[in-house]
Amino acid sequence: MRAGGEPGGTGGTPVWLTEDEYARLSAACDRMIPASESGPGALAAGVPDYIDGLLGAFTVDPPRIWAGGPTSGRMGGKAAFLAFHKLAPLDDLAWRMRIEGSLGLPEREFNGPVTGWQERYRLGLAALGDDFLGADPDEQETRLRSDKVFSKLLYEHVCEGMYGAPEYGGNREAIAWHAIGFAGDTQPRGWTDAEVTSP
Amino acid sequence: MTVDAVIIGSGPGGSTVADVLTAAGWTVTIVEKGRNHLLDPDDLTRPAEDFSNDEIKFHNRYFLGPDPLIEPRTFRTSEADGDHSFVGEVNSVPSTVGGGGTHADGKVPRFMPDDFRLLSLLGPQPEADVADWPVSYDELEPYYAEVERSVGVAGTAGANPFAGPRSGPYPMPSGAAMYGATLSSAAAERLGYHPYAAPTAANSVPYDGRPACNNCGFCSYFGCPIHAKGDPVAMLRRAMASGRAELMAETFVSRVRLDGRRSTGVDVVGPDGAERFLAARHVVLAAGAMESPRLLLLSGLDHPVIGRYFMTHYQTIVAGGLPFRTHADRGRSVTHVHDDMIVGDTDSRAAAAEAGLPWIRGGMVEHSGAALPILEAKHYPWGAGHSGLMADSPIRARLWAFIMQGEDLPYASNRVDLDPSIRDARGFPVARITYRPGRHELAASAHFGPRLAAILTEMGAGWTAVTSSPGGGNASSPAAIPESRHNMGTVRMGTDPATSVVDPAGRLHDLDNVFVTDSSVFVTSSGYGPTLTLVALAARAAHLMAGTPPLSPHPE
């Protein structure tokens with residue numbers, strides 16, 4: 001287990017997914033937000049690493065669920081986002097249920113079984129087919145659209161990995177924020193009164 | 001040890017009671033089921049550093065709670081939906097030290113004097129149980145004035161022509177106006193409306209040992225990283241500094257213990273899962289309009305009005321696309337509002353008549369935009385056009401919007417009770433919400449929506465869109481669940497023990513030492529956010545408990 005804050009899988013060394021799954025996930029992310037003349041795509045932003053890091057959040061301690069506060073250091077202040085929060089017992093239970101699923105454990109099944117994201121990704125990526133990587137982009141898109149439940153979950157995570165804080169493993173070097181003219185986290189600088197009121 | 005009061009919930013209501021009671025010399029224990037991310041665990045008189053400008057943490061990962069896997073709620077639109085049609089996140093106000101005060105962007109308007117006497121003023125509504133409050137604006141005014149100072153409110157007296165009389169100025173001037181709001185306000189004025197700088201619990205100047213807001217843009221739904229928002233950190237810090245308050249976080253109150261007409265204290269489940277009893281001379285419920293009625297029901301109380309008259313705000317959401325950047329990501333989320341849709345006019349009276357209703361009331365209209373890129377990204381379809389849409393940004397960078405917090409009428413059928421099968425992680429039945437808007441809410445929204453769109457057109461919008469929350473449709477869809485977190489009305493206040501649960505001081509009619517000091521006690525919902533009014537009522541209840549007068553507006 002790595003120390004908290006150490007970035008997980010950067011560039012093809014997945015934390016939780018297998019190499020095959022990681023490659024298939026990367027192709028799927030590339031279909032959802034491909035690079036264009038308007039900006040970088042999900043691959044350049046490291047979105048597969050964000051998702052792999054989320055699925056493997058509990059392989060580091062503290063788990064990479066909540067980045068620290070109050071500042072990232074990008075606008076001054078200390079680089080405190082990297083100091084991820086420790087989870088309280090009920091937080092730990094919630095996030096293990098969400099990521100790992102209830103796994104038949106009675107303490108996780110007080111309202112019945114919960115299917116975790118790890119299982120949904122494992123099944124969802126497998127269902128894309130062994131030839132998914134070699135399929136042409138239109139065929140890849142068709143297969144992604146054929147499972148609306150999985151593609152909805154995947155797309156939510158793709159958006160988070162693209163436009164969330166870089167400390168979570170995606171949006172590498174804030175590349176996606178720069179592309180859309182978004183300042184990102186602004187503390188401790190904030191905005192001056194003149195910047196708030198003026199065009 | 002028996003404390004003078006155990007306070008259940010550390011949000012604006014509970015914090016205010018703790019502040020007032022400790023100042024009067026009482027000992028209190030504040031019990032909060034959520035975690036403490038608000039105060040420094042090594043020195044509870046100092047703010048913590050856990051909050052941040054982090055959309056993932058606050059919007060996608062339940063940092064402030066409640067996590068719907070651990071503390072779910074259930075929902076249905078009516079009994080016809082069965083036991084429930086949805087399980088998960090329903091009207092979640094944060095479950096954390098500081099409660100709803102941590103996530104709100106701090107708009108803290110007072111109610112208007114008329115809000116306390118709708119039945120006398122306007123008469124009854126079919127299907128609803130509209131009633132006057134047993135407390136008038138004039139009785140509450142000294143407490144409004146006290147809590148505006150104890151929270152720290154920035155505002156401009158006289159800016160809102162519909163506001164009630166004030167005994168003094170705001171403690172701070174209004175903060176910087178957001179660019180988009182200056183344009184939407186000018187457009188509204190040209191059409192005859194009366195926008196004004198929203199009274200806001202974010203410091204415009206250094207106040208009470210906390211800095212001025214630096215306009216970071218991550219306000220609504222985020223905790224404040226620099227603690228420029230006073231609600232409720234200001235009250236909690238003072239209570240802790242008194243040396244007479246204890247804060248027990250991650251601790252759930254499972255039962256108020258009763259003995260005849262009195263309570264002896266509460267049973268709690270601590271962070272380690274162990275149960276214990278806390279003895280107290282007074283019990284104060286400030287857990288919010290979902291959790292306070294839930295606790296009363298878990299405690300075996302069976303007054304038929306407990307949980308009835310759940311109200312939130314029926315939101316009319318009107319967006320417009322502008323040909324320029326509105327930079328809604330700079331500033332306090334909302335700096336301007338207008339109240340014309342509460343007051344109404346000849347047109348709205350005609351619309352009411354056409355709908356077969358005696359009257360309709362809208363709500364305060366918030367001028368705001370969209371600021372968050374993950375939220376925006378999810379709104380666009382995936383595929384080749386995505387990065388182009390994000391760069392052009394029609395629904396974030398070039399959008400401006402109004403949210404009207406439309407007044408919900410009190411209907412006995414809209415309610416909170418205990419779900420028959422769903423439990424929280426500690427094993428207790430969760431709150432079930434049964435809610436659907438009535439004819440009044442739908443008619444008011446239908447009337448005011450197009451008028452709000454006309455203001456955006458006047459502002460220069462090339463397109464406008466009118467939606468509402470709840471949006472109707474399938475009862476099992478999250479769209480059927482109101483987005484508003486302004487939960488109210490489930491432990492109704494009144495003078496008649498047959499038709500209300502608490503008396504005008506917030507004390508249960510049936511129990512001499514049990515009080516409710518949150519928005520559960522509201523008789524009607526007004527068109528305003530509930531925070532300042534619930535805080536003023538909490539201060540009043542605490543002063544009545546302790547036998548102290550409201551704090552003088554002009555301390556020597």
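Chain identifiers are assigned alphabetically (A, B, ...) following the order of the sequence lines, protein sequences preceding nucleic acid strands; residue numbering begins at 1 within each chain. Just so you know, these numbers use all the heavy atoms, side chains as well, and skip hydrogens, waters and symmetry mates.
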| said: Between A:L154 and A:M32, does the side-chain contact (heavy atoms from CB on, under 4.5 Å) criterion hold? Intermediate values first, please. | reply: CA-CA 9 Å; A:L154 174 61; A:M32 287 194 159; 3.9 Å; yes
| task | Could you have a look at B:M390, B:H37, B:E376 and say which one has the most heavy-atom pairs with chain A under 4.5 angstrom? | result | B:M390
| message | At a 4.5 Å cut-off on heavy atoms, which part of A:T197 comes close to chain B: side chain, backbone, both, or neither? | response | both
| remark: Turns out that what part of A:D193 lies under 4.5 Å from chain B's heavy atoms comes down to both
| task | Below 4.5 Å from any heavy atom of chain A, which atoms of B:P271 appear? Answer side chain, backbone, both or neither. | result | backbone
| Best-contacting candidate, A:A165, A:A88, A:S36, against chain B by heavy atom pairs under 4.5 angstrom | A:A88
| said: Check the orientation of B:H59 and B:F222. Use parallel for under 30°, tilted for 30 to 60°, and perpendicular for over 60°. | reply: tilted
| query | Tell me, side chain or backbone of A:P188 under 4.5 Å from chain B's heavy atoms, or both, or neither? | reply | backbone
| request: Would you please name every residue forming a salt bridge (Lys or Arg N to Asp or Glu O under 4.0 Å) with B:D419, sequence neighbours left out? | output: none
| request: Mind ranking B:P381, B:G175, B:P68, B:A177 by heavy-atom pairs under 4.5 Å with chain A and telling me who comes out on top? | output: B:A177
| request: Tell me whether the guanidinium CZ or amine NZ of A:R122 lies under 6.0 angstrom from the six-membered ring centre of A:W16 and within 45° of its axis. | output: yes
| Side-chain H-bond candidate by donor/acceptor type, B:N214 with A:Q187, under 3.5 Å | yes
| Contacting moiety of B:S421, where chain A heavy atoms sit under 4.5 Å | backbone
| note | So, the part of B:E49 with a heavy atom under 4.5 Å from chain A: the answer is both
| When the ring planes of B:F63 and A:W66 are compared, do they come out parallel, tilted or perpendicular, using 30° and 60° as the limits? | perpendicular
| request: Could you look at B:A371 and say if it's the side chain, the backbone, both or neither that has a heavy atom under 4.5 Å from chain A? | output: backbone
| note | Residue from B:R423, B:R332, B:R61, B:H386 scoring the most non-hydrogen pairs under 4.5 Å with chain A is B:R61
| query | What part of A:D30 gets closer than 4.5 Å to chain B, counting heavy atoms only: side chain, backbone, both or neither? | reply | neither
| said: Which one wins on heavy-atom pair count under 4.5 Å against chain B: A:E141, A:R31, A:E160? | reply: A:E160
| query | Relative to chain B, which of A:L144, A:I180, A:V114 shows the most heavy atom pairs under 4.5 Å? | reply | A:I180
| message | So which residue, B:R396, B:E55, B:K378, ends up with the most heavy-atom pairs under 4.5 Å with chain A? | response | B:K378
| request: Identify which one of B:F51, B:F218, B:Y221, B:F58 satisfies the ring pair (Phe, Tyr, Trp, His ring centres under 6.0 Å) criterion when paired with B:H103. | output: B:Y221
| query | Taking everything shown except B:R46 itself, do over 12 heavy atoms lie less than 6.0 Å from its CZ? | reply | no
| A:F58 ring centre to A:R96 NZ or CZ under 6.0 Å, with the angle to the axis within 45°? | yes
| task | Look at the aromatic rings of B:Y62 and A:W95 and report parallel, tilted or perpendicular, splitting at 30° and 60°. | result | tilted
| Among the listed options A:G39, A:P34, A:G184, the residue most often paired with chain B at heavy-atom distances under 4.5 Å | A:P34
| task | Give, as side chain, backbone, both or neither, the part of B:D392 having an atom under 4.5 angstrom from any heavy atom of chain A. | result | neither
| Has A:E173 got more than 12 heavy atoms of other residues, nucleotides or ligands less than 6.0 Å from its CD? | no
| Polar side chain donor-acceptor pair, A:Y22 to A:D49, under 3.5 angstrom | yes
| Contacting moiety of A:R98, where chain B heavy atoms sit under 4.5 Å | both
| If you tally heavy-atom pairs under 4.5 Å against chain B, which of A:N111, A:T71, A:I65 wins? | A:N111
| query | Can you say whether A:K152 sits under 4.5 Å from chain B via the side chain, the backbone, both, or neither, judging by heavy atoms? | reply | neither
| Among A:W191, A:F81, A:Y163, residue most engaged with chain B (heavy-atom pairs, under 4.5 Å) | A:W191
| remark: The interface call for A:T192 against chain B, heavy-atom contacts under 4.5 Å, is backbone
| For B:D272, does the CG atom sit with more than 12 other heavy atoms under 6.0 Å from it, leaving out its own atoms? | yes
